[in-house]
Amino acid sequence: MSKKSIFTALLFCLPFSIFAQEPFQAGLGFIIGVPQNAFKDSLNNNGYGIGGHFAYNLPNTPLLVGASLSYLIYSSETWKERLIPTVPVWVDVNTTNSIFMGHLLLRLQPPAGVFRPYVDGLFGFHLFSTDTKIEDEGYDDDDDDIAGSNNSRDFTGSYGGGGGVMFRVYHTEGSEGTHDRPMSVYVDFGFRYLKGGKAEYLKKGSIRSDDNNNFTYNFSRSTTDIVIWRLGAGFGF
């Protein structure tokens with residue numbers, strides 16, 4: 001039997017009478033973004049961030065419908081500058097290059113059990129942004145922002161699929177005669193392959209200044225395919 005056949009059997013082997021036990025699902029986790037194809041050739045480094053989702057299990061089906069949001073920083077740099085050229089007051093200048101990803105989520109998954117494998121379909125967007133902010137020179141963790149600006153922003157469509165498995169580590173049945181709902185907590189491990197359209201973006205070292213304080217922005221442009229690996233917590237309720 002092929003791996004695909006085994007996975008399909010796992011999805012549909014449970015009786016439909018248990019499908020509505022936990023109609024809602026949410027998750028939050030740490031993600032690693034690995035650029036692919038032309039995006040990898042341009043960027044040549046991974047990104048790190050957080051991602052989450054919220055979905056509703058359609059009654060009497062193994063289908064969940066919801067939304068997925070992720071925020072990924074793929075490069076950043078910090079340096080020191082004088083706040084005013086004639087005054088010996090130094091500040092930290094920080095530039096962050098990031099991707100915000102938003103997708104509609106369709107998930108096939110058995111709605112109960114200790115192990116809950118799943119497959120995902122996604123359709124949405126990638127929003128690239130480069131932002132620079134000025135902070136007080138930090139001698140502790142309470143640096144105050146002085147000013148900030150967006151240097152670049154571009155938007156492109158994205159779609160893809162993925163899969164994973166949720167492993168239950170806690171479960172409660174709820175209380176009869178009350179409004180307490182059944183609830184489960186899971187360890188969630190999964191991946192996604194997202195095909196991203198072409199976008200313009202900045203990366204580490206893309207902003208340069210000359211002796212006259214004129215800035216040059218060296219934009220990159222490519223398709224934005226990326227693989228997302230995720231490890232986090234899932235909640236059924």
To the nearest 0.5 Å, what is the distance between [atom1] on [X] and [atom2] on [Y]?
X      : Y      : atom1 : atom2 : result
Ile99  : Phe128 : CD1   : CZ    : 4.0 Å
Tyr74  : Ser98  : OH    : OG    : 7.0 Å
Ser158 : Leu127 : OG    : CG    : 12.0 Å
Ser206 : Asn151 : OG    : CG    : 10.5 Å
Met101 : Ser68  : CE    : OG    : 8.0 Å
Ile207 : Thr216 : CD1   : OG1   : 10.5 Å

- Just say parallel, tilted or perpendicular for the rings of Phe54 and Phe237, cut-offs at 30° and 60°. tilted
- Message: Using 30° and 60° as the class boundaries, would you call the ring planes of Phe100 and Phe125 parallel, tilted or perpendicular?
- Response: tilted
Can you check whether [X] reaches [Y] side chain to side chain, under 4.5 Å on heavy atoms?
X      : Y      : value
Asp154 : Thr156 : no
Ser70  : Ile50  : no
Leu194 : His103 : yes

Answer yes if [X] and [Y] sit in the same cluster of Ile, Leu, Val, Met, Phe, Trp and Tyr residues linked by side chain heavy atoms under 4.5 Å apart, and no otherwise.
X      : Y      : result
Leu43  : Val34  : no
Leu28  : Met166 : no
Phe39  : Phe155 : no
Leu58  : Leu106 : yes
Phe189 : Ile32  : yes

According to side chain to side chain donor-acceptor pair (under 3.5 Å), who are the partners of [X], at least two apart in sequence or on a separate chain?
X      : value
Thr96  : Asn94
Asn44  : none
Ser222 : Tyr201
Asp41  : none

Distance-only check: which donor-acceptor pairs under 3.5 Å involve side-chain atoms of residues 224-235, not counting sequence neighbours?
from, atom 1, to, atom 2, distance (Å)
Thr224, OG1, His126, ND1, 3.4
Thr224, OG1, Gly197, O, 2.9
Asp225, OD1, Gly196, N, 3.1
Asp225, OD2, Asn37, ND2, 2.9
Asp225, OD2, Lys195, NZ, 3.2
Arg230, NH2, Tyr118, OH, 2.5

Test question: given the 4.5 Å side-chain rule for I, L, V, M, F, W and Y, name all other residues clustered with [X], or answer none.
X      : answer
Ile73  : Tyr71
Leu64  : none
Phe123 : Tyr159

- Note on the structure: For Phe219, the side-chain contact (heavy atoms from CB on, under 4.5 Å) test, sequence neighbours excluded, returns Ser152, Glu200, Leu202, Tyr217
- With sequence neighbours left out, what residues match Lys204 under side-chain contact (heavy atoms from CB on, under 4.5 Å)? Ser75, Glu77
- Query: For the residue pair Tyr186 and Phe167, is the inter-centroid distance of their aromatic rings smaller than 6.0 Å?
  - Reply: no
- Item | Heavy-atom closest pair, residues Pro117 and Pro110 | O-CD, 3.3 Å
- Message: Between Asn150 and Thr130 (side chain of the first, backbone of the second, donor and acceptor by atom type, cut-off under 3.5 Å), is there such a pair?
- Response: yes
- Item | salt bridge (charged side-chain N to carboxylate O under 4.0 Å, His left out) partners of residues 160-171, not counting sequence neighbours, each pair once | none
- Item | salt bridge (charged side-chain N to carboxylate O under 4.0 Å, His left out): pairs with one or both residues in residues 102-116, sequence neighbours excluded | Glu22-Arg116, Arg107-Asp120
